[in-house]
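Quick caveat, the model's predicted, so the values are computed rather than measured. Start at 1 with the first residue, then count along the sequence.
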Amino acid sequence: MTDSYLHVSAVVQAIAIASVVAVLIGALVHRSPLGSAAATATASIILTIPSFALLGILIPVLGLGVPPTITALVLYALLPILRNTIVGLSAVDPAVTDAARGVGMNRLRVLTRIELPLAWPAILAGMRVSTQMIMGILAIAAYAKGPGLGNLIFSGLARLGTPTAVPQALTGTVLIVVLALLLDALLVLTGRLTTSGGIRA
């Protein structure tokens, strides 16, 4: 139960941080093709780094436990959210933003009142992809003494040959899948509650 709670907690924290960072970057670069391409390419490169290698790089700097784990999860979660933020903001009809400026809205108010709400379904879709992805990646964080169900899996694998080894590893794996589905359902519900009917239609 504790490992399950810590697993979900780490994923939620990482998604929250990654969403803030990715949306800020996306808001800054979405009007620039070069900036968008550079930001997306950088996030893509990070995603290609094997999790063991990334944790190995972070451990000497951040030590063991939660800090390298959350940092790695945030870095891995950036790409889907960033890419969808850029796509969502770029898809906003210029006529809508021009009309908002015509009634006196400044750039920040247009972004927060018009563009981000319209791009929210795309951003949320990116968050869902990132959540599913890092739910599995977090299991590897047991290598860095990180929290979560990876400890249950690694503990089982370390005792291969004993009667409880495989059931313990399978239990950890199944729990990760179940928690991933529950978090995805929660994000779908969040989308329905926070997206206006006009946008959903």
Hey, are the side chains of [X] and [Y] touching, using non-hydrogen atoms and a 4.5 Å cut-off?
| X | Y | result |
| --- | --- | --- |
| Ile176 | Ile153 | yes |
| Val110 | Val96 | no |
| Val188 | Arg128 | yes |
| Ile123 | Ser19 | no |
| Leu118 | Asp93 | no |

When clusters are formed by joining ILVMFWY residues with side-chain heavy atoms under 4.5 Å apart, either directly or through shared neighbours, do [X] and [Y] land in the same one?
| X | Y | answer |
| --- | --- | --- |
| Val129 | Ile46 | no |
| Leu28 | Val21 | yes |
| Val11 | Leu6 | no |

With rounding to the nearest 0.5 angstrom, report the [atom1] to [atom2] distance, [X] to [Y].
| X | Y | atom1 | atom2 | value |
| --- | --- | --- | --- | --- |
| Gln168 | Phe154 | CD | CZ | 12.5 Å |
| Ser44 | Leu79 | OG | CG | 4.0 Å |
| Leu152 | Thr173 | CG | OG1 | 8.5 Å |
| Leu179 | Leu149 | CG | CG | 6.0 Å |
| Arg192 | Leu124 | CZ | CG | 11.5 Å |

Under the salt bridge (charged side-chain N to carboxylate O under 4.0 Å, His left out) rule, collect the residues that match up with Arg31, sequence neighbours excluded. Glu115
What's the shortest heavy-atom distance between [X] and [Y], and which atoms?
| X | Y | answer |
| --- | --- | --- |
| Ala10 | Pro147 | CB-CG, 4.3 Å |
| Ala14 | Val74 | O-CG2, 3.7 Å |
| Ala141 | Leu55 | CA-CD1, 3.9 Å |
| Pro94 | Thr97 | O-OG1, 2.9 Å |
| Thr190 | Thr194 | O-OG1, 2.6 Å |
| Ala27 | Leu111 | CB-CD2, 3.9 Å |

Ring pair (Phe, Tyr, Trp, His ring centres under 6.0 Å) contacts touching residues 27-85 (sequence neighbours left out): Phe52-Tyr143
Enumerate the residue pairs fulfilling ring pair (Phe, Tyr, Trp, His ring centres under 6.0 Å) with a member in residues 161-192, sequence neighbours excluded, ordered by first and then second residue.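 Pairs touching residues 161-192 that pass the test: none.
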Donor-acceptor pair, distance only, cut-off 3.5 Å: does the side chain of [X] make one with the backbone of [Y]?
| X | Y | value |
| --- | --- | --- |
| Ser36 | Val29 | yes |
| His7 | Met135 | yes |
| Asp184 | Gln132 | no |

Using distance only, find each side-chain donor-acceptor pair of residues 81-88 under 3.5 Å and give its atom names and separation, not counting sequence neighbours.
residue: Asn84; atom: ND2; partner: Ala122; partner atom: O; Å: 2.8
residue: Thr85; atom: OG1; partner: Ile81; partner atom: O; Å: 2.7

Could you pull out every donor-acceptor pair under 3.5 Å between side chains of residues 64-73 and any protein atom, sequence neighbours left out?
residue: Thr69; atom: OG1; partner: Gly65; partner atom: O; Å: 2.8
residue: Thr71; atom: OG1; partner: Pro67; partner atom: O; Å: 2.8

Kindly write out the residues that satisfy ring pair (Phe, Tyr, Trp, His ring centres under 6.0 Å) with Tyr5, not counting sequence neighbours, or none if the list is empty.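 Ring pair (Phe, Tyr, Trp, His ring centres under 6.0 Å) list for Tyr5, sorted by chain: empty.
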Quick one, Leu187 with Ile15, criterion side chain to side chain contact (heavy atoms under 4.5 Å, CB included). Give me CA distance, side-chain angles, the key distance, then yes/no. CA-CA 11 Å; Leu187 286 173; Ile15 288 296; 5.9 Å; no
Crowding at CG, Leu189 (>12 non-hydrogen neighbours, <6.0 Å):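 Correct, the count exceeds 12.
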Go through the steps for Leu54 and Leu75 under the test side chain to side chain contact (heavy atoms under 4.5 Å, CB included), then give the verdict. CA-CA 10 Å; Leu54 183 57; Leu75 291 173; 4.3 Å; yes
